[in-house]
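Note sheet for the following structure.
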Amino acid sequence: MFIVFLDTTIVNVAFDTISTSFDAAITRLVWVLNAYTLVFAAFLIPAGQLADSYGRKRLFQIGLVGFALSSALCGLAPGLGVLIAARAAQGVFGAVIVPASLALLLPAFPLERRATAISTWGAMAAVATAIGPTLGALLIEYTTWRWVFLLNVPVCLLTAAWGARLLTETRGSRNGGLPDPLGVAMSAAAPALLSFAVIYGPRLGWDDPRVLVTAVAGVVLIPVLIRRSRYAVRPALDLGLFRIRNFQASNVATLVFSVAFFAVLLSSLLFLQNVWHYSVLKSALAVSPSALVTALVAPLAGRLAERFGYRPVFVTGALFYAAGAAALALRTGASPHWAAHWLPTLVLNGIGVGLALSTLNSAAAKALPPERFGVGTAINNSFRQMGALLGVSVFVAVLGTPTSATILGDYHRVWWVLAVIPVISAVTYLATHREPDATAG
């Protein structure tokens with residue numbers, strides 16, 4: 001889980017060195033990021049369906065080996081075209097790993113310890129996302145950009161070897177046949193098209209024909225997919241999951257909260273570089289304490305949710321995160337004061353992510369029937385990825401085009417907007433989630 005989500009942000013700081021290595025323009029280089037993000041989001045749900053049907057251990061092992069091989073190809077790529085293709089392959093195998101990993105984890109824990117286990121699992125995504133720029137900057141500082149990818153190879157292969165001995169195969173109740181191929185294609189295409197529109201809308205303009213066509217196509221595919229899933233013998237999308245109230249509530253809250261989480265992370269890195277004039281490495285190190293706090297808090301969040309319920313823990317986390325974003329707007333000035341003004345906001349944000357995102361992972365999994373763990377986990381992570389894409393767009397739209405005279409106020413405006421979004425997620429969750437019976441399962 002850590003390696004897969006690390007690769008969503010670790011490449012961000014490698015842009016300049018990759019550009020120099022291949023003499024590539026930014027318009028082509030951006031696909032090193034987007035190829036992974038788009039393909040990863042598109043294949044999560046089909047991969048979860050396949051894991052439930054053909055075996056979670058089998059898919060998990062295939063995902064690990066495939067991720068290692070595609071990472072090696074990234075690290076050894078002789079040109080930009082090969083690198084982009086290998087990043088797309090990483091996205092496919094990353095999407096295979098994530099739902100299979102949680103679907104393997106859940107049956108291994110008794111019900112009373114499951115929330116803690118899921119919280120720890122989910123925290124890995126948040127920690128990896130936050131620490132990615134720091135690790136990437138350190139690797140580039142002391143090695144080359146190729147080690148950003150080659151680092152994955154031994155980790156994935158060792159994990160696959162370990163998993164082959166230790167993991168027990170599990171399946172859902174429906175196996176022995178492929179899910180509806182056309183439905184699988186549509187369930188991959190819809191998020192990919194919508195993601196493309198969200199990524200490129202701020203850059204190309206929302207009235208650009210490419211943005212309009214992909215956005216409309218993505219929206220139109222959703223009801224078509226729903227209709228087909230109603231009548232297919234083995235539907236690609238299990239509509240019954242969306243009738244589970246708490247699963248719905250957790251996914252909506254995941255989407256909304258992720259907008260703020262990813263936007264605050266990106267805005268923080270850019271502020272430190274553009275306003276306080278930190279280097280890439282220094283700015284990455286400056287935000288890393290937040291990830292460490294998240295890693296410490298997340299397992300505690302699971303135990304708190306088991307004792308007090310999901311709603312109070314998530315709402316507390318969302319409010320902590322809102323307070324952290326508000327503190328950035330209130331306390332951060334043009335002159336660097338990291339320990340006095342920045343560090344306290346990192347602690348608030350780290351606590352907020354540790355409590356909020358890990359609790360939502362637990363709540364979503366708690367609502368799932370055991371035979372649908374794989375596809376349900378995939379759906380929940382698809383909502384997180386869409387939140388990440390929306391978060392980048394919200395940041396770009398609210399920041400506008402800052403000048404040297406307005407840049408501080410522009411960032412303050414961004415952080416005030418981002419402080420409101422976690423509050424919205426908390427209110428929505430309070431209104432829609434019902435605490436499950438402690439003995440339910």
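Treat the numbers as computed from the prediction; the structure is a model and nothing was measured.
- Ring pair Y411/W415 is tilted by interplanar angle, where 30° to 60° counts as tilted.
- Between G354 and A301, the shortest heavy-atom distance links the atoms O-CB, 3.5 Å.
- Within 6.0 Å of CH2 on W162 lie no more than 12 heavy atoms contributed by other residues, nucleotides or ligands.
- Both tests hold for R384 against F5: distance to the six-membered ring centre under 6.0 Å, angle to the ring axis within 45°.
- Surrounding CZ of F320 are at most 12 heavy atoms belonging to other residues, nucleotides or ligands under 6.0 Å away.
- Taking the six-membered ring for Trp and the full ring otherwise, the centers of F60 and F93 sit at least 6.0 Å from each other.
- The two residues A365 and L106 come nearest to each other via the heavy atoms CB-CD1, 4.0 Å.
- R245 CZ: more than 12 foreign heavy atoms inside a 6.0 Å radius.
- Judged as a side-chain contact (heavy atoms from CB on, under 4.5 Å), and not counting sequence neighbours, the contacts of A323 are L348.
- When every heavy atom of F395 is checked against every heavy atom of A263, the shortest pair comes out as CB-CB, 4.3 Å.
- By the 4.5 Å heavy-atom criterion applied to side chains, V98 and L102 are not counted as neighbours.
- You'll find the ring centres of F271 and W342 inside the 6.0 Å limit.
- T170 places none of its side-chain heavy atoms less than 4.5 Å from the side chain of K57.
- The minimum heavy-atom distance between P369 and I244, with the atom names listed, is CD-CD1, 4.1 Å.
- In this structure, Y310 and K366 have side chains that are in contact, with non-hydrogen atoms separated by less than 4.5 Å.
- Annotation for V256 and I424: closest pair CG1-CG2, 4.3 Å, computed over non-hydrogen atoms.
- The ring of W338 has its center no closer than 6.0 angstrom to the ring center of W276.
- Taking the six-membered ring where the residue is Trp, F67 and Y36 present perpendicular rings, their angle passing 60° and hence far from 30°.
- Across all their heavy atoms, N246 and T432 have their closest contact at OD1-O, 4.4 Å.
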